[in-house]
**Student:** 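Structure below; questions to follow.
All residue numbers in this chain count up from 1 along the given sequence. Values in this document were obtained by computation on a predicted structure and should not be read as measured data.
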Amino acid sequence: MAKVYLLDEKYEQAATYARKAIETNGGTPMTESQWLDVNTGFNTASSGWMWYLHPTSDQMGNLANFIGHISGEAGWGYGTLSMPCISRTLYDHMADTDFRKHAWLDPERDTYNYQSPQGAEWLAEKPDYFSLKFRCSGGDVNTYTVGAEVDIPVMRIEEMYLIEAEAVGASQGVAAGTALLNSFMQTYRQPDYNFTTTDLRDFQLEVLTQMRIEFWGEGTAFPTAKRLKPDVIQNYEGTNEQVDILRINCKDIKPNWTLVIPIDEMNANTALKGLNNPDPSSAIPTRPTPVGTFAPGRN
């Protein structure tokens, strides 16, 4: 209910239901040790995981499993090829005192004593900003039936805290929302965090940024980003996007954020005729978008 009310911009109700969810769940946000554990990091549910999946070994293949895609440590999946990384600008937004920063490789490698079951030499070869957030179960990076049998987060109590902060800020005043955001961050993430503003949109964009950091790889921040239309800047001086097709700058949102129903489904379901979303594939004909500019438009 909190998520739906927030999507509909019914902020007072969103705040009410986010608080109800927090109190009903009774759990707590993940700790630093839970975030960064080499064997259980983001693969073992804690008290604040309100909803999660747990596929078993007989429900997956070596490529058809979550960890094989999201974890670069998993030796059996595509993650070792794609090497998931956080964007440089998002990484740079985190203070060194925010322990979440240690879930991605610092370019200098001196902010944290990074560890991996794959070994120090393997880790040293990984690109800057490489993700160590999602670990293989028990540190097993070789056997998918063991390493991929994990808890997969779908909804965590942290989301309710951030929904409550934005919703209170939008319905009761920016100062009240900022106080909640600062309280969450100082208590659970970064002791010296102190965000100040009197502008509602600036506040909402900061909440979105904290959601993007907190839920990197979980997809949770996506609806908020679509709602707030924050602009997307992926091509900038020093970008760590590896290929031109991903170096896109878009005003508001990216065209492919509006999902298109697959052609096979359209052909099989006549009730959908004429109701598909526009195909975004030609919306940005030139890639990369030049640094310092936005693509000419979106469909």
**Student:** Identify whether NZ of Lys or CZ of Arg in Lys101 sits under 6.0 Å from the centre of the six-membered ring of Tyr112 and within 45° of that ring's axis.
**Tutor:**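 Not satisfied by the 6.0 Å and 45° rule.
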**Student:** For the CD atom on Glu12, are there more than 12 heavy atoms of other groups (residues, nucleotides or ligands in this structure) within a distance under 6.0 Å?
**Tutor:**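 For Glu12, atom CD is not crowded (no more than 12 foreign heavy atoms under 6.0 Å).
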**Student:** Less than 4.5 Å apart, side chain to side chain, heavy atoms only: is that true for Ile248 and Asn235?
**Tutor:**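 Ile248 vs Asn235: side chains apart.
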**Student:** Answer yes if Ile86 and Leu208 sit in the same cluster of Ile, Leu, Val, Met, Phe, Trp and Tyr residues linked by side chain heavy atoms under 4.5 Å apart, and no otherwise.
**Tutor:**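 Ile86 does not cluster with Leu208.
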**Student:** Do the two ring centres, one from Phe134 and one from Phe66, sit under 6.0 Å apart?
**Tutor:**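 Between Phe66 and Phe134, which both carry aromatic rings, the centre distance is below 6.0 Å.
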**Student:** Give a yes-or-no answer on whether the side chains of Gln204 and Asp202 include a donor-acceptor pair shorter than 3.5 Å.
**Tutor:**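 Not at all, the side chains of Gln204 and Asp202 share no donor-acceptor pair under 3.5 Å.
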**Student:** Check whether any side-chain N or O of Glu206 sits under 3.5 Å from a backbone N or O of Phe203 as a donor-acceptor pair, and report yes or no.
**Tutor:**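 Checked: no pair found.
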**Student:** Side chains of Ile157 and Trp49, heavy atoms from C-beta outward: is any pair under 4.5 Å?
**Tutor:**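 Heavy-atom side-chain distance check fails, nothing below 4.5 Å.
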**Student:** Kindly say whether Asn39 contributes a backbone atom to a donor-acceptor pair with the side chain of Asn43 at under 3.5 angstrom?
**Tutor:**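 Answer holds: yes.
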**Student:** Rounded to the nearest 0.5 Å, what separation is found between the OG1 atom of Thr224 and the CG atom of Leu205?
**Tutor:**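 With rounding to 0.5 Å, OG1 (Thr224) is 11.0 Å from CG (Leu205).
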**Student:** For the CD1 atom of Ile245 and the CD atom of Gln234, what is their distance to the nearest 0.5 Å?
**Tutor:**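 So the gap between those two atoms works out to 11.0 Å.
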**Student:** To the nearest 0.5 Å, what is the distance between OG on Ser46 and CE on Met30?
**Tutor:**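 Ser46 atom OG to Met30 atom CE measures 5.0 Å (nearest 0.5 Å).
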**Student:** Do we see a donor-acceptor contact under 3.5 Å between the side chains of Gln59 and His54?
**Tutor:**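 No pair is found: no donor N or O on one side chain lies under 3.5 Å from an acceptor on the other.
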**Student:** In sequence, state the C-alpha distance, the side-chain angles, and the governing distance for Arg88 and Asp92, and then conclude on side-chain contact (heavy atoms from CB on, under 4.5 Å).
**Tutor:** CA-CA 6 Å; Arg88 177 182 177 178; Asp92 288 346; 3.5 Å; yes
**Student:** Quick one about Ser281 and Asp279 (side-chain donor to acceptor, distance below 3.5 Å, no hydrogens or angles considered), yes or no?
**Tutor:**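 Indeed, the side chains of Asp279 and Ser281 share at least one donor-acceptor pair under 3.5 Å.
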**Student:** Determine whether a donor-acceptor pair (N or O, by modelled atom type, separation under 3.5 Å) exists between the side chain of Asp151 and the backbone of Ala45.
**Tutor:**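 Side chain of Asp151 to backbone of Ala45: a pair is present.
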**Student:** Take Gln242 and Asn240 through the side-chain hydrogen bond (donor to acceptor under 3.5 Å, both in side chains) test and state the conclusion after the steps.
**Tutor:** CA-CA 6 Å; Gln242 296 299 305; Asn240 65 318; over 6 Å; no
**Student:** In terms of side-chain geometry, is the basic nitrogen of Arg100 or Asp98 positioned less than 4.0 Å from the acidic oxygen of its partner?
**Tutor:**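 Yes.
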**Student:** Is Leu63 reachable from Ile70 through a run of hydrophobic residues whose side-chain heavy atoms are each under 4.5 Å from the next?
**Tutor:**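 No; Leu63 is not reachable from Ile70 via cluster members.
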**Student:** Keeping Gln186 on the side-chain end and Pro191 on the backbone end, is there a donor-acceptor pair under 3.5 Å?
**Tutor:**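 No; judged by distance alone, with no hydrogens or angles, the pair does not exist.
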**Student:** May I ask you to decide if Asp252's main-chain N or O and Asp231's side chain share a donor-acceptor pair within less than 3.5 Å?
**Tutor:**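 It does hold such a pair.
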**Student:** Return yes when atom NZ of Lys10 has more than 12 non-hydrogen atoms of other residues, nucleotides or ligands closer than 6.0 Å, and no otherwise.
**Tutor:**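 No, because the 6.0 Å sphere around NZ of Lys10 holds 12 heavy atoms or fewer from other groups.
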**Student:** Would you mind checking if Lys133 and Glu218 are paired as a salt bridge, meaning a charged N to carboxylate O distance below 4.0 Å?
**Tutor:**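 Yes, Glu218 and Lys133 are salt-bridged.
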**Student:** Looking at Glu241 and Arg247, is there a salt bridge between them, counting it only when a charged N and a carboxylate O are closer than 4.0 Å?
**Tutor:**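 Salt bridge flag = no for Glu241 with Arg247.
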**Student:** Just wondering, do Thr111 and His102 contact through their side chains at under 4.5 Å, heavy atoms?
**Tutor:**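 His102 vs Thr111: side chains touch.
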**Student:** May I ask you to decide if Gly147's main-chain N or O and Ser137's side chain share a donor-acceptor pair within less than 3.5 Å?
**Tutor:**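 A pair under 3.5 Å: no.
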**Student:** What distance do Asp110 atom CG and Glu108 atom CD have between them, rounded to the nearest 0.5 Å?
**Tutor:**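 One finds 6.0 Å between CG of Asp110 and CD of Glu108.
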**Student:** Flag the pair Arg135 and Asp37 as a salt bridge only when some basic side-chain nitrogen lies within less than 4.0 angstrom of an acidic carboxylate oxygen.
**Tutor:**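 Salt bridge absent between Arg135 and Asp37.
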**Student:** Are side-chain heavy atoms of Asp199 and Val174 found at a separation under 4.5 Å?
**Tutor:**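 When only atoms from C-beta onward are counted, Val174 and Asp199 do not touch, as no gap falls below 4.5 Å.
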**Student:** If you measure only the distance, is there a donor-acceptor pair under 3.5 Å linking the side chains of Thr97 and Asp192?
**Tutor:**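 Distance-only check passes for Thr97 and Asp192.
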**Student:** Using a 4.5 Å cut-off on heavy atoms from C-beta on, say whether the side chain of Tyr52 contacts that of Ile152.
**Tutor:**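 The answer is no; the side chains never approach within 4.5 Å.
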**Student:** Is the closest side-chain heavy-atom distance between Asn276 and Val260 below 4.5 Å?
**Tutor:**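 Heavy-atom side-chain distance check passes, below 4.5 Å.
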**Student:** Determine, stepwise, if the pair Lys3 / Met155 fulfils side-chain contact (heavy atoms from CB on, under 4.5 Å).
**Tutor:** CA-CA 10 Å; Lys3 290 165 68 79; Met155 187 183 298; 3.7 Å; yes
**Student:** Nearest heavy-atom pair of Cys250 and Pro255: which atoms, and what distance?
**Tutor:**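 So the minimum-distance heavy-atom pair works out to SG-CD, 3.9 Å.
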**Student:** Applying a strict under-4.5 Å side-chain criterion to I, L, V, M, F, W and Y, I'd like to know whether Leu6 and Val168 cluster together.
**Tutor:**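 Unlinked, Leu6 and Val168 end up in two clusters.
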**Student:** Looking at Ile263, I want to see if its CD1 is surrounded by more than 12 non-hydrogen atoms of other residues, nucleotides or ligands under 6.0 Å.
**Tutor:**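 No.
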**Student:** Do you reckon Leu228 sits in the same ILVMFWY cluster as Ile253, going by side-chain contacts under 4.5 Å, direct or chained?
**Tutor:**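 No, because Leu228 and Ile253 fall into different hydrophobic clusters, even though each may have its own neighbours under 4.5 Å.
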**Student:** So do Ile22 and Glu164 actually touch side chain to side chain, heavy atoms under 4.5 Å?
**Tutor:**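 They are in contact (side-chain heavy atoms under 4.5 Å apart), so the answer is yes.
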**Student:** Got a sec: does the OH of Tyr236 have more than 12 other heavy atoms crowding it under 6.0 Å?
**Tutor:**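 Enclosed.
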**Student:** What are the two closest non-hydrogen atoms of Met211 and Leu162, and how far apart are they?
**Tutor:**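 Minimum heavy-atom separation between Met211 and Leu162: CG-CD1, 3.6 Å.
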**Student:** Would Phe195 and Gln210 count as a side-chain contact (heavy atoms from CB on, under 4.5 Å) if you check the C-alpha gap in whole Å, the side-chain angles of each, and the deciding distance to 0.1 Å?
**Tutor:** CA-CA 11 Å; Phe195 180 75; Gln210 293 305 328; over 6 Å; no
**Student:** Where the side chain of Ser47 meets the backbone of Thr28, is there a donor-acceptor pair that is under 3.5 Å apart?
**Tutor:**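 Yes, Ser47 side chain to Thr28 backbone: donor-acceptor pair under 3.5 Å.
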**Student:** Search all heavy atoms of Asn65 against all heavy atoms of Gly61 and return the closest pair with its distance.
**Tutor:**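 What the structure gives for the nearest pair is ND2-O, 2.8 Å.
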**Student:** Looking at Asp128 and Arg109, does any basic side-chain N land under 4.0 Å from a carboxylate oxygen?
**Tutor:**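 Looking at Arg109 together with Asp128, the answer is yes, because their closest N to O distance falls below 4.0 Å.
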**Student:** About how many Å separate OH of Tyr144 and SG of Cys136, when rounded to the nearest 0.5 Å?
**Tutor:**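 Rounded to the nearest 0.5 Å, the SG-OH separation comes out at 14.0 Å.
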**Student:** Taking Pro290's backbone N and O only, do any of them form a donor-acceptor pair with Thr293's side chain (distance below 3.5 Å, no angle check)?
**Tutor:**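 Checked: pair present.
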**Student:** Following the transitive rule for hydrophobic clusters with a side-chain heavy-atom cut-off under 4.5 Å over Ile, Leu, Val, Met, Phe, Trp and Tyr, establish whether Met83 and Trp122 coincide in one cluster.
**Tutor:**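 Yes: a chain of side-chain contacts under 4.5 Å links Met83 to Trp122.
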**Student:** Does Arg212 reach the side chain of Ser87, with side-chain heavy atoms less than 4.5 Å apart?
**Tutor:**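 Arg212 reaches Ser87 side chain to side chain.
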**Student:** How about Trp35 and Phe42: are their ring centroids closer than 6.0 Å?
**Tutor:**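 Yes, the ring of Trp35 comes within the 6.0 Å limit of the ring of Phe42, centre to centre.
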**Student:** Taking Gly41's backbone N and O only, do any of them form a donor-acceptor pair with Thr44's side chain (distance below 3.5 Å, no angle check)?
**Tutor:**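 Flag not set: sc Thr44 to bb Gly41 has no pair under 3.5 Å.
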**Student:** Looking at Trp216, Tyr114, Tyr91, Phe130, which hits ring pair (Phe, Tyr, Trp, His ring centres under 6.0 Å) with Trp104?
**Tutor:**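 That would be Trp216.
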**Student:** Looking at every heavy atom in both Gln34 and Pro29, which two are closest together, and how far apart are they?
**Tutor:**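 So the two residues come closest at OE1-O, 4.4 Å.
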**Student:** Under the 3.5 angstrom rule, does the side chain of Thr143 hit a backbone N or O of Thr145 as a donor-acceptor pair?
**Tutor:**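 Not confirmed, Thr143 side chain does not pair with Thr145 backbone.
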**Student:** Check for me whether the distance between the ring centres of Phe222 and Phe215 falls short of 6.0 Å.
**Tutor:**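 No; Phe215 has its ring centre 6.0 Å or more from that of Phe222.
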**Student:** Is Arg227 salt-bridged to Glu166, cutoff N-O under 4.0 Å?
**Tutor:**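 The answer is yes: the pair qualifies as a salt bridge.
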**Student:** Using 0.5 Å steps for rounding, measure from the CG atom of Leu132 to the CG atom of Leu123.
**Tutor:**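 Nearest 0.5 Å value for the CG-CG distance: 6.0 Å.
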**Student:** Please test Tyr161 against Leu180 for side-chain contact (heavy atoms from CB on, under 4.5 Å), starting from the C-alpha separation and ending with a verdict.
**Tutor:** CA-CA 8 Å; Tyr161 279 99; Leu180 287 176; over 6 Å; no
**Student:** Check Met185, Glu159, Arg156 against Glu214 for a side-chain contact (heavy atoms from CB on, under 4.5 Å) and give me the one that passes.
**Tutor:**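 Result for side-chain contact (heavy atoms from CB on, under 4.5 Å) with Glu214: Arg156.
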